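Just so it is clear: chains get the letters A, B, ... in the order the sequence lines come, proteins before strands, and each one is counted from 1. These figures come from a predicted structure and were not determined experimentally.
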Amino acid sequence: MNAPLPKRKLKVATTSLAGCFGCHMSFLDIDERILDLVELVEFDRSPITDIKHCSPDCDLGIIEGGVCNAENVHVLHEFRKNCKILIAMGACAINGGLPAQRNSLDIRDILAAVYARPGRGVHIPNDPEIPLLLNEVHPLHEVVRIDYFLPGCPPSGDAIWKFLTDLLAGRTPTLGHGLIHYD
Amino acid sequence: MRHQFELETAKNPDALKRIVIEPVSRVEGHGKVTILLDDDNQVHQVRLHIVEFRGFEKFIEGRPYWEVPVLVQRLCGICPVSHHLAASKAMDMIVNGGILTPTAEKIRRLMHYGQMLQSHALHFFHLSSPDLLFGFDSDVAKRNIVGVAAANPDVAKMGVLLRKFGQEVIRVTSGKRVHGTGSVPGGVNKSLSLEERDYLLKDADQMIAWSRDAVRIIKQLHKANPALYDAFGNVPTTMMSLVDDKGALDFYHGALRARDRDGEVIFDQVSYQGYHTLLTEGVKPWSYMKFPYITTLGEEKGWYKVGPLARIQNCDRIPTPLAEEERAEFVAYGGAKPLHGSLGFHWARMIEMLCAAETIKDLLLDPDIMGADLMATGPRREEGIGVIEAPRGTLFHHYRVNENDVVTYANLIVSTTNNNTAMNVAVRDVAKNYLQGHEITEGLLNHIEVAIRCFDPCLSCATHALGKMPLEVTLVDASGREIDRMTKDSEGRVGK
């Protein structure tokens, strides 16, 4: 990662798949440093912008959350196709996280339990607009190639800041023990 | 009076054009909107679909109860403290019948009011302010917090620092800004040191001042264009929230009160321990999110809204002076009737942020927050219900725990779920008033999202489902190996 930096701002796309948005919150926990960051990067598709699809020339794709349904698969492929570097951010993206607790259960049983109403039977939502669920929740790297893994539930704002500023400066990101211990 | 569910279901969907807004942006979580139009751009159907399903209620069965307050806050990264505390309140019932020491209750309140402040600041400044400052159909590239920072650096900085302070209150009380561990069944695991108290206290007055500025900003926007602000997404509904035993606003604890669309009290001081007899959760095939309603009023009339607009108008007063002054002005603006225009949510939300900032200062000055008595004991039970006013509205957690300390049942009604029907009706109202008969542009479509954002939906909190269309999904890993396959036949049967 020692290539010279392009002159233009780097394009950064972010998304949350099967996650809780906590990693995006931690991203905002860089606090006032976000005002410095936007001098170096521009945000493309992201929950904080109204750009709905990645531009084809994104430099970084930052993804929180695992893969739990067909839509997640679709979005993940869009990010891989359009982003030069893909970062799996947080426990869910890296190993499925808490949503992967459902992997030991049969998805049909879960749905039947959640949508059962006393005396009125089970009505599982079944509209074609709703994406098909996968049997299991998968980490990102099982579906596409991932370039960097940023651990934590969520990683702290400081960890995200160190990671991004290393990357933006052309250094291989290193967090050290201080930013990846969780006790 | 038009029918409440007009535009929910088109008579001839196959013959219509489909427009989709996906993903709904500048909200938390995943949702999409579909709009069906005929050739003359007449709107026939509008639906807000919640497309995620994570199944928390099922997979926490079998977990030991003391894990639950930490586990379920992973429902949400924006309001983790609400889930952390609603689950803790339910588990308090299990371990001691719901008793807390004064220190524990005040630390939890401090944590919760910190969250209210950070979530409301985030929503107003980072997510919604671009629509309000630049216009609903302004340049899409500018409609974000970066655009706000370029055009109004002081406003953006104020938002960033208000949110930061709320996050710091959470960190100091729970150990971590997102997904902390401060609250435990029966109490808390830490109180504040003097240094921590002083660290937060030094900024408290500034936060109150900035919160007042924020109320002023939204109030000015509202009063500069009342025709828009009062009419946009104006859907009169029943309102529900917790109030304290004297009818005052309280985000941490209280009993349920509901008013009808004209402000008349429907029920009051109803213990939330009986929520399941009060509310029924409806299901529709096109959303994983359920549609709750007040059982006695029925599915067609019993839906309601929760959150800032409901809370501000449900309570009799706000216990802090500056926010109470603002509440009185808000109520006076509405005259004899409650305000139901969806943009009123923003005004109400900023009044609540001011209340949170004032309350945080009051709590920081209370010596109990540095107390040593953290846990209370009492008789063990097997069922617990915890309810709290989350930033987005009333949040219900209900658990049963067996003699082996294992969770055997869980039911959650999250704040956004309570607002599900109201949000859908609001977007249909906006579609009808702004899209009907027009060429559909990006800016017009953003009007739909503006209506959704008023409610500050937390779509991650909501659960999700499976269709009847024959479908097959194959998941192939990076090396081309098939790792999962899911099929569904036309009867909705799912298999490998």
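- Residue A:Glu71 touches chain B through its side chain alone, counting heavy-atom pairs closer than 4.5 Å.
- With respect to chain A, the highest number of heavy-atom pairs below 4.5 Å among B:Gln73, B:Gln118, B:Glu449, B:His126 belongs to B:Glu449.
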Side chain to side chain contact (heavy atoms under 4.5 Å, CB included) for A:Tyr115 and B:Lys290? Distances and angles first, verdict last. CA-CA 9 Å; A:Tyr115 293 101; B:Lys290 294 178 183 177; 3.9 Å; yes
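- Contacts of B:Ile60 with chain A are absent, with no heavy-atom separation under 4.5 Å from either backbone or side chain.
- Heavy atoms of B:Val20 lying under 4.5 Å from chain A are absent altogether.
- Only the side chain of A:Arg45 has a heavy atom closer than 4.5 Å to any heavy atom of chain B.
- Scanning residues 47-57 of chain A against chain B with a 4.5 Å heavy-atom cutoff picks out A:Pro47, A:Ile48, A:Thr49, A:Asp50, A:Lys52, A:His53, ordered by number.
- To the nearest 0.5 Å, atoms CD (B:Gln167) and CE (A:Met25) are separated by 8.0 Å.
- Closest non-hydrogen pair, A:Gly22 versus B:Val178, comes out as CA-CG1, 4.0 Å.
- For NZ of A:Lys84, the number of neighbouring non-hydrogen atoms (other residues, nucleotides, ligands) closer than 6.0 Å is greater than 12.
- Taking all atoms of both residues into account, the shortest heavy-atom contact from A:Cys153 to B:Arg74 is SG-NE, 3.1 Å.
- When each of B:His49, B:Arg47, B:Arg18 is paired with A:Glu129, the side-chain hydrogen bond (donor to acceptor under 3.5 Å, both in side chains) condition holds for B:Arg18 and for no other.
- Here salt bridge (charged side-chain N to carboxylate O under 4.0 Å, His left out) pairs that include residues 95-107 of chain A, with residues two or more places apart or in two chains, are A:Asp106-A:Arg108.
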Stepwise side chain to side chain contact (heavy atoms under 4.5 Å, CB included) test for A:Phe43 and B:Asn144: CA-CA 9 Å; A:Phe43 285 94; B:Asn144 52 60; over 6 Å; no
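- Of all the listed residues (A:Leu35, A:Leu28, A:Ile146, A:Val75), the one sharing the greatest number of non-hydrogen pairs under 4.5 Å with chain B is A:Leu28.
- Between B:Arg171 and A:Asp29 there is no salt bridge, since none of the side-chain N atoms of the basic residue sits less than 4.0 Å from a carboxylate O of the acidic one.
- For A:Leu105, the part lying under 4.5 angstrom from a heavy atom of chain B is the side chain only.
- A pairwise comparison of heavy atoms in A:Pro125 and B:Ser287 identifies CG-O, 3.1 Å as the closest pair.
- Of the residues considered (B:Val283, B:Asn446, B:Leu122, B:Thr280), B:Val283 shows the highest number of contacts with chain A, using heavy-atom pairs under 4.5 Å.
- Annotation for A:Leu98 and B:Phe59: closest pair O-CZ, 3.6 Å, computed over non-hydrogen atoms.
- Looking at B:Ile78, both its backbone and its side chain come within 4.5 Å of chain A, counting heavy atoms on both sides.
- Closest non-hydrogen pair, B:His179 versus A:Pro154, comes out as CD2-CD, 3.8 Å.
- With a threshold of 4.5 angstrom between heavy atoms, B:Lys284 approaches chain A through N, CA, C or O but not through any side-chain atom.
- Chosen from B:Arg143, B:Lys58, B:Arg163, B:Lys157, the residue pairing most often with chain A at heavy-atom distances under 4.5 Å is B:Arg163.
- Of the two parts of B:Pro80, neither the backbone nor the side chain holds a non-hydrogen atom closer than 4.5 Å to a non-hydrogen atom of chain A.
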